[in-house]
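Everything on this sheet refers to the single structure shown next.
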Amino acid sequence: MKRFDFDVAVIGGGSGGYAAARTAASAGLKTVVIEGGAEVGGLCILRGCMPTKALLYAAEVKHLAEHAATWGVRAGKVTFDFAKVMARKSAQIKDFADFRGQQLNAGKFKFIRAHARFLDAHTVEVTPIQGRARHSVRAVVGQTRGGAQGTDAPYQLTAKNFIIATGSRVAASPLPQLDKVGFITSDEAVALKQLPKSLIILGGGAIACEFAQFFARFGVNVTLIQRSEHILKEFDADAGIEIEKVFRREGIQVFTNTKLLDARHKGKLKSVSFGQNGKTISVSAEEILFALGRVPNTASLNLENAGVKTENGRIVTNHKMQTNAPHIFAAGDCTGRHEIVHIAIQQGETAVHNITKPKSPRRMDYRLLISVVFTEPQVAFVGLTEKEAAVRGIKFFAASYPFNDHGKSLIMEAKDGFVKLLAHPQSGEILGGACVGPDGGELIHEIVTAMAKRMTVHELAAMPHYHPTLAEIWTYPAEELAEKIAEAH
Ligand SMILES: Cc1cc2nc3c(=O)[nH]c(=O)nc-3n(C[C@H](O)[C@H](O)[C@H](O)COP(=O)(O)OP(=O)(O)OC[C@H]3O[C@@H](n4cnc5c(N)ncnc54)[C@H](O)[C@@H]3O)c2cc1C
């Protein structure tokens with residue numbers, strides 16, 4: 001029988017890769033993680049979820065202080081120190097990244113700082129990151145095979161199974177003119193030393209919207225340009241419309257239904273032209289933030305050497321997270337579709353389960369797909385949206401309730417947004433929920449729990465809710481739907 005260096009080699013040490021490695025090591029598999037980034041931590045910790053949420057929270061505190069008079073509180077003239085805002089964010093990110101580094105180096109599995117690419121279906125070439133080759137080849141694979149020990153020279157490593165978790169990278173720009181003019185991406189935006197006076201944001205997804213509000217609340221003149229009819233197009237239009245309203249009220253210029261035409265320098269500024277309703281519009285700003293999406297980071301893996309199928313760069317897997325090569329699995333952003341941390345983690349764990357227990361396979365279930373945008377109000381959904389129900393021909397009843405008619409949100413002066421429930425028209429089972437409102441990302445979890453247990457709107461309406469809480473708002477659409485279902489039968 002062929003001997004391999006490892007039972008499982010995980011390529012990429014971000015959220016998906018770490019979850020896979022931890023699970024594999026706990027299952028007793030001889031595991032290695034190969035991480036090729038200049039820093040350890042993965043996208044979520046270093047440049048994604050955590051820095052953006054730290055910055056957005058600072059913006060929220062500033063906004064609340066500016067509006068303190070609403071509650072009779074005098075906060076005086078609210079000023080800020082941008083260097084300190086960024087320093088707090090950086091200190092927190094360092095703590096999170098250090099902790100992840102400790103977890104990766106805890107000795108439960110081998111952790112090596114190197115770039116990996118496939119030579120064949122069971123072998124990768126491992127190129128240590130310059131100056132990071134703290135391991136010797138012998139220490140990693142137990143024998144010398146190519147490359148001098150303790151140097152940065154590439155060497156080979158074999159594994160019985162692989163889990164690819166190499167994440168995503170910023171998509172290429174759609175206009176060559178944009179590349180010439182230059183722009184920043186979210187990577188640079190979370191590390192700015194100084195605020196631009198004005199900013200054009202290209203895109204209307206979660207990342208674009210979160211940055212739009214962050215910058216606007218820190219006094220930057222923000223223009224957001226979105227191709228679709230509304231921002232946040234993965235949500236139902238009612239959510240995008242509500243956030244557009246809030247953004248405009250906060251001074252953000254929002255253009256939707258546009259087509260990018262050109263980008264050029266205009267004096268010291270950068271200018272972008274786009275078509276909208278048959279007209280050409282030009283806007284200028286000090287900087288452009290490119291937020292038109294990310295693509296799977298798979299190009300340098302030489303997947304063709306392992307015979308692994310991709311589709312527009314996305315690693316194709318089945319619901320067991322298995323690729324067409326049965327011993328190679330994938331997890332996280334490199335599989336495309338859902339660029340969400342907890343999904344990357346679940347996929348990594350699912351892959352390991354299916355390596356260790358192929359006879360009782362586990363499948364990814366996206367019935368409870370959650371999405372959250374951390375604007376204020378936050379935007380969140382779980383399960384089915386009206387849009388998706390229409391595409392899939394699923395029948396449902398829907399009911400909404402606004403936060404401007406709810407006790408706790410009125411106390412908080414948080415009057416924007418609504419909650420919405422989708423229910424099966426006969427059984428009343430909750431099929432989906434949406435919340436655009438205060439702490440929407442927290443509130444949605446009540447519906448996640450209800451849906452996980454396949455609760456009906458009748459059961460949700462009958463469940464006790466403390467008064468006055470934001471959470472009790474869910475009982476109104478639940479009651480309305482329960483009545484609607486009763487009337488229909
Ligand atoms: C600005 C921003 C905000 C976000 N906010 C949220 C949020 O609030 N909530 C949420 O759920 N998601 C959010 N996301 C998405 C989330 O960060 C990603 O879905 C998640 O981090 C993906 O994890 P991953 O393990 O697939 O990839 P990553 O964490 O990117 O890990 C991939 C790792 O693979 C390594 N690698 C790549 N190629 C190789 C190779 N050939 N050899 C060795 N190593 C390699 C990389 O160095 C990297 O460390 C956000 C993303 C961005 C950009």
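Predicted model only: the values in this text are computed from it and were never measured. Just follow the structure's listing: the first ligand is 1, and inside any ligand the first atom is 1.
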**Q.** Between Thr256 and Glu244, a side-chain donor and acceptor under 3.5 Å
**A.** no
Q.
Does either side chain, that of Glu446 or that of Thr449, offer a donor lying less than 3.5 Å from an acceptor on the other one?
A. no
Return yes or no for this condition: an N or O of [X] is under 3.5 Å from an N or O of ligand 1.
X      : result
Leu301 : no
His115 : yes
Phe374 : no
Gly37  : yes
Glu210 : no

Q | side-chain contact (heavy atoms from CB on, under 4.5 Å) between Val190 and Phe211, intermediate numbers included | A | CA-CA 9 Å; Val190 293; Phe211 277 117; 3.7 Å; yes
**Q.** Quiz item: cation-pi between Lys62 and Phe218, 6.0 Å / 45°
**A.** yes
Which atoms of ligand 1 sit under 4.0 Å from any heavy atom of [X]?
X      : value
Gly167 : 26 (O), 27 (O), 30 (O), 32 (C)
Glu339 : 12 (N), 15 (C), 19 (O)
Arg294 : 53 (C)
Arg47  : 1 (C)
Cys44  : 17 (O), 21 (O)
Gly42  : 29 (O), 49 (O)
Gly332 : 26 (O)
Ser186 : 1 (C), 53 (C)

Part of [X] within contact of ligand 1 (heavy atoms, under 4.0 Å):
X      : result
Ala114 : backbone
Val190 : neither
Asn297 : side chain
Ile11  : side chain

Q.
Check Glu210 with Lys53, please: is the shortest side-chain N to carboxylate O separation under 4.0 Å?
A. yes
Q. Thinking salt bridges, do Arg217 and Glu60 make one under a 4.0 Å N-O criterion?
A. no
For [atom], grab the closest protein heavy atom and report residue, atom and distance to one decimal in Å.
atom                    : answer
atom 8 (O) of ligand 1  : Lys53 NZ, 2.8 Å
atom 11 (O) of ligand 1 : Val341 N, 2.9 Å
atom 48 (C) of ligand 1 : Glu35 OE1, 3.5 Å
atom 18 (C) of ligand 1 : Asp333 OD2, 3.4 Å
atom 25 (O) of ligand 1 : Gly16 N, 2.8 Å
atom 13 (C) of ligand 1 : Cys49 SG, 3.4 Å
atom 3 (C) of ligand 1  : Gly48 C, 3.4 Å
atom 30 (O) of ligand 1 : Leu43 CB, 3.4 Å

Separation of [Y] [atom2] from [X] [atom1] (nearest 0.5 Å):
X      : Y      : atom1 : atom2 : value
Ile34  : Thr127 : CD1   : OG1   : 10.0 Å
Asp236 : Glu242 : CG    : CD    : 13.5 Å
Glu388 : Leu369 : CD    : CG    : 8.0 Å

Q) In this structure, which one of Thr31, Ile355, Ile11, Thr23 forms a side chain to side chain contact (heavy atoms under 4.5 Å, CB included) with Ile163? A) Ile355
Q | Full working for side-chain contact (heavy atoms from CB on, under 4.5 Å) between Phe214 and Phe374 | A | CA-CA 10 Å; Phe214 165 72; Phe374 291 83; over 6 Å; no
Q: Please state whether the rings of Phe80 and Phe82 are parallel, tilted or perpendicular, taking 30° and 60° as the class boundaries.
A: perpendicular
Under 3.5 Å, which donor-acceptor pairs do the side chains of residues 377-384 form with other protein atoms, sequence neighbours left out?
| from | atom 1 | to | atom 2 | distance (Å) |
| --- | --- | --- | --- | --- |
| Gln378 | OE1 | Gly440 | N | 3.4 |
| Gln378 | OE1 | Gly441 | N | 2.8 |

Q: Apply side-chain contact (heavy atoms from CB on, under 4.5 Å) to the pair Ile129 and His115, showing each step before the final yes or no.
A: CA-CA 7 Å; Ile129 306 170; His115 181 271; 5.9 Å; no
Q: Report yes if some heavy atom in the side chain of Phe118 is under 4.5 Å from a heavy atom in the side chain of Ile164; otherwise report no.
A: yes
Q: Would you indicate which of Val372, Ile340, Thr166, Ile207 comes nearest to atom 53 (C) of ligand 1 when only heavy atoms are counted?
A: Ile207
